[in-house]
Amino acid sequence: MSDLRIDDQVRAAIWRLPARRREQVGQELLAHIADLRLDLYSQGHDADEVERLVRDRFGEPEQVVGALVRIHNGGLTWRVALTGMLAAIVISSLLWVVRSNWVSQPGTWYEFQRGILYAIFYGLWTVGGLALGQETERPRRDGVRALCVFLLPGLFLVPGPKHAIVPVALPWIFPFVPHTGGFGIVQESLAVVSVFVVGVFFFSGFFMGRRLRTISKRIFL
Amino acid sequence: MPVEKDLARGTTETLLLGLLGRKAMYGYEMAREIEVVTGKLLTLKEGTLYPILHRLEQEGYVEAYWEETAEGRNRRYYRLTQRGEAALAKRREQWRQLDGAVKEVLGA
């Protein structure tokens, strides 16, 4: 259990909600807690007892807000999917052009094919990652979010699309891995898939959400 | 005797519609009212209450509005819409049928 007051935990947890819902849900839950406190004080409980009972009765704010997040987050919209995919393809293509010309053997058909495959792969990858954790109630900002999700792994520390970032960001290191003779496309694909599987299992889901939010609270609150 | 969770599952939405069929209420009031009316046989945890209320609102069965309390705090009240009233009438009828059927089987 966290040392934070339950009110602060609610304020921290509501960041997972779409922006236009945060204030309303926060106010509603905090009003609920205030009512519960008043009720308990009127029954003659002392301050420590009241805080303990409030926590018992209200439950973990993470879970309460988590249930609301599932109601209010509409899933991946076509706009996010399209923007994410196009951005991923464009950026990964640029990376491969840079790599082909300056790092690896320039201009080979193999490099070109490999670049195209990677570009498509990153596009699908990014959309898949976004689908795991994106919130989409503000379509105008979805494009920016879709870009930021994989361009700025630092967003990790901001409560938001909690499941998405590590699985999405990790494979971006691959264009920078030096190409060696014995490391072919099959091995590379296996390595990428392994990283994806490990990334998803290790960082996604409740474990990751909880960890990230704990770090976020320490930094931002 | 406390009611088993599985038995009560699925009734929460109907209970909330039923409560709001009496008068407009805010979340905390609903949670307490359920306990009072059922003699604490049924309780509503916040993790259950608010998601259902918000879903009912999204589906147009209830509408919410803010009201200021005497102490100057804001509370979000919920009331049934016409669609919600129709749904409640339908649920009442379905519940009556289900209740009768279960009684027949159990010999209660």
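None of these values were measured; they are calculated from a predicted model. Just so we're on the same page: letters track the sequence lines, and every chain starts at 1.
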### Query
In terms of heavy-atom pairs under 4.5 Å with chain B, which of Asp35(A), Leu30(A), Val25(A), Val64(A) leads?
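Ranked by contacts with chain B, first place is Asp35(A).
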
### Message
I'd like to verify something: which residue of Ala64(B), Pro51(B), Gly27(B) has the highest number of heavy-atom pairs under 4.5 Å with chain A?
### Response
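Result: the option with the highest number of such pairs is Pro51(B).
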
### Query
Are a donor atom and an acceptor atom from the side chains of Gln58(B) and Arg55(B) found within less than 3.5 Å of each other?
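Their side chains do not contain a donor-acceptor pair, so the 3.5 Å distance test is not met.
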
### Query
Given the side-chain rings of Tyr26(B) and His32(A), with only the six-membered ring counted for Trp, is the space between their centroids under 6.0 Å?
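No; His32(A) has its ring centre 6.0 Å or more from that of Tyr26(B).
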
### Task
Could you look at Ile52(B) and say if it's the side chain, the backbone, both or neither that has a heavy atom under 4.5 Å from chain A?
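Neither; nothing under 4.5 Å.
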
### Message
Ile34(B) and side chain to side chain contact (heavy atoms under 4.5 Å, CB included): which single residue from Thr12(B), Leu19(B), Thr43(B) fits?
### Response
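So the option named by the test is Leu19(B).
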
### Task
Go through the atoms of Ile33(A) and report whether side chain, backbone, both or neither lie under 4.5 Å from a heavy atom of chain B.
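Neither part; nothing is under 4.5 Å.
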
### Task
Determine the interplanar angle of the Tyr78(B) and His54(B) rings, folded into 0 to 90°, and report it as parallel if under 30°, tilted if 30 to 60°, perpendicular if over 60°.
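Tilted: the ring planes of Tyr78(B) and His54(B) meet at 30° to 60°.
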
